[in-house]
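In what follows, a structure is listed as structure tokens, so that the remarks can point back to it.
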Amino acid sequence: MSQAEAIWAAGTMSGTSLDGIDLALLKTDGTDIVEFGPSGYRPYSSDEHTALRHALGTWPTEGSNAQAFALDVVQESHLAALNGVNADIIGFHAQTLNHDPGSQRTFQLGDGAALAKTLGRPVAWDFRSADVAAGGEGAPLAPLFHDAVARWAQLSGTVAFLNLGGVGNITWIREVGEDPLADGAVLAFDTGPANAPINDLMQKHYGRPFDAGAKVAESGQSDAHHEGALLDHPYFKRAIPKSLDRDTFSSAVEDLSDLPPENAVATATAWVSRSVEDGISRLPSAPETVFVCGGGRHNPKIMRDLAARLAADIHPVEYIGVDGDMLEANAFAYLAVRVQHGLPLSLPGTTGVPYPMPGGRISVP
């Protein structure tokens with residue numbers, strides 16, 4: 001790759017945790033990574049968080065007041081986050097409100113065309129619709145970026161990237177440096193719950209958005225019976241690739257309601273590593289190293305549980321010089337350039353599409 005062909009792209013991510021917007025700049029040609037640039041974070045206020053939460057689960061045809069308020073939050077907060085950012089193109093993921101690939105529907109709330117007009121920059125957006133329309137899961141979309149990160153970091157062998165956001169997802173790379181479009185070279189799927197059930201339990205019982213330092217989980221005791229019941233969810237019996245909506249496991253809060261609060265949080269925390277272990281058992285071979293990104297890597301209980309359960313070296317992704325809080329934002333910067341060049345965003349082994357699938361759309365000022 002000639003670095004002259006690479007451009008600076010800005011990527012944004014507002015994830016299922018609804019805590020705020022991650023923003024990252026990346027220099028890339030859409031195939032290789034040249035340089036990671038600066039990044040930033042724009043938190044949602046309590047009122048913004050509430051507005052987004054009230055719109056979860058809706059579809060665009062519903063046109064509810066809750067959805068209209070949420071759209072205002074998405075647009076205004078992204079404009080604030082992107083104000084003054086100097087990039088050749090912007091990758092705008094928008095806010096997922098609903099995801100049902102079984103009925104070929106997915107909904108990310110946001111207007112990329114309006115952003116492009118206001119910011120005076122091309123905006124790539126609507127990354128998931130083409131994949132879902134073609135019969136794919138529409139998620140996860142970061143695997144090709146993960147493959148590029150592995151090459152950038154000059155890794156070798158079989159590696160995996162485990163993202164623990166609201167839900168968990170894993171990218172398995174058969175051999176770093178192999179053509180990622182080769183059959184079976186890259187596999188990916190959502191492993192199961194990650195922070196969302198823990199956060200929901202913390203909000204319900206303690207009025208706090210998350211379990212800082214896993215202090216509540218550490219004070220409780222996971223209940224083996226409830227762990228087993230949670231792992232009996234039909235999702236875990238599905239073949240890979242597969243994907244989740246944030247609220248697929250929303251009943252977990254009620255399912256654990258008979259436990260003391262600290263034990264409920266401990267059980268939901270143990271559920272994360274148990275579901276990752278189950279997912280990795282379905283791969284063609286176990287990864288030699290797993291690099292953990294997303295908010296879950298800050299949870300010391302989850303990290304210890306993963307190290308105990310997996311026959312792999314477990315490292316936060318910072319181990320290879322990457323900011324794990326910004327990896328998804330970087331991924332959508334990378335994907336924006338791929339959209340611009342008409343390159344695939346997803347593969348049969350990552351979302352179940354029939355062939356490497358381009359997607360997204362570009363809005364210009």
Side-chain angles (χ1 to χ4, degrees), residues 1-3 5-6 9 26-36 127 131 134 136-163 168-191 239-243 276 279-293 310-322 324 327-328 330-360:
M1 174 189 68
S2 166
Q3 293 194 16
E5 299 169 357
L26 185 77
K27 190 173 186 180
T28 179
D29 65 352
T31 300
D32 297 316
I33 294 169
V34 175
E35 184 179 348
F36 286 88
F127 291 94
D131 183 278
E137 292 287 322
L141 285 186
L144 287 170
F145 169 71
H146 291 154
D147 179 77
V149 172
R151 289 183 281 109
W152 171 84
Q154 299 182 331
L155 302 178
S156 61
T158 304
V159 304
F161 288 81
L162 175 64
N163 179 61
N169 57 70
I170 194 165
T171 298
W172 176 86
I173 300 169
R174 182 167 59 195
E175 181 69 36
V176 177
E178 182 180 5
D179 179 2
L181 303 189
D183 186 33
V186 177
L187 303 178
F189 57 96
D190 285 350
T191 56
I240 62 173
K242 54 185 177 178
S243 70
V276 172
I280 285 181
S281 73
R282 301 171 188 274
L283 292 167
S285 64
E288 299 158 17
T289 310
V290 176
F291 298 100
V292 187
C293 49
L310 304 182
D313 292 330
I314 311 296
H315 298 290
V317 77
E318 282 80 3
Y319 185 81
I320 55 173
V322 178
L327 212 60
E328 283 196 284
N330 274 305
F332 283 96
Y334 179 80
L335 292 176
V337 182
R338 291 186 72 85
V339 172
Q340 193 173 49
H341 294 313
L343 296 169
L345 308 186
S346 55
L347 308 171
T350 64
T351 66
V353 283
Y355 53 85
M357 176 66 59

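Below, all heavy atoms of this structure are taken into account, side chains as well, without hydrogens, waters or symmetry copies. Positions are given from 1 along the sequence.
Using a distance-only test at 3.5 Å, with no hydrogens or angles considered, no donor-acceptor pair links the side chain of Glu328 to the main chain of Ala142. Judged purely by atom type and a 3.5 angstrom limit, Thr191 has no side-chain atom pairing as donor or acceptor with the backbone of Gly279. Side-chain atoms of Glu137 come within 3.5 Å of backbone N or O of Ser243 as a donor-acceptor pair. In this structure, Asp29 contributes its side chain and Ala6 its backbone to no donor-acceptor pair below 3.5 Å. Listed for the Trp172 side chain is no donor-acceptor partner under 3.5 Å among the backbone atoms of Phe189. Panel note: side chain Arg338, backbone Pro344; a donor-acceptor pair is recorded below 3.5 Å. For Thr158 (side chain) and Arg174 (main-chain N/O), a donor-acceptor pair under 3.5 Å exists by modelled atom type.
No more than 12 heavy atoms of other residues, nucleotides or ligands sit less than 6.0 Å from atom CG of Asp183.
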Run the side-chain contact (heavy atoms from CB on, under 4.5 Å) check on Ile320 and Val149 step by step: do they pass?
-> CA-CA 9 Å; Ile320 55 173; Val149 172; 4.0 Å; yes
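To the nearest 0.5 Å, atom OG1 of residue Thr350 and atom CG of residue Asp147 are 11.0 Å apart. Atoms OG and CD, from Ser156 and Glu175 in turn, are 7.0 Å apart once rounded to the nearest 0.5 Å. Taken to the nearest 0.5 Å, the CG atom of Leu327 stands 6.5 Å off from the CZ atom of Phe36. Note that CZ of Arg282 is 5.0 Å distant from NZ of Lys242, once rounded to the nearest 0.5 Å. How far CZ of Phe291 is from CG of Leu155: 4.5 Å, rounded to the nearest 0.5 Å. Leu187 contributes atom CG, which lies 10.0 Å from atom CD1 of Ile170 (distance to the nearest 0.5 angstrom).
Considering every non-hydrogen atom in both Gly30 and Leu343, the closest pair reads O-CD1, 3.9 Å. Here the closest non-hydrogen pair linking Leu345 and Gly360 is CD1-N, 4.1 Å. Residues Ser346 and Leu144 approach most closely at N-CD1, 4.3 Å, considering heavy atoms. When all heavy atoms are compared, the tightest approach of Thr351 to Pro140 is CG2-O, 3.7 Å. Contact record, Met357 with Asp131: CG-CA, 4.2 Å, taken as the closest heavy-atom pair. Residues Ile280 and Pro287 come closest through the heavy atom pair CG2-CD, 4.0 Å.
Residue Tyr334 forms a ring pair (Phe, Tyr, Trp, His ring centres under 6.0 Å) with just one option from Phe127, Trp152, Phe145, and that option is Phe145.
Between His146 and Phe161, the angle of the ring planes stays under 30°, which puts this pair in the parallel group of the 30/60° scheme.
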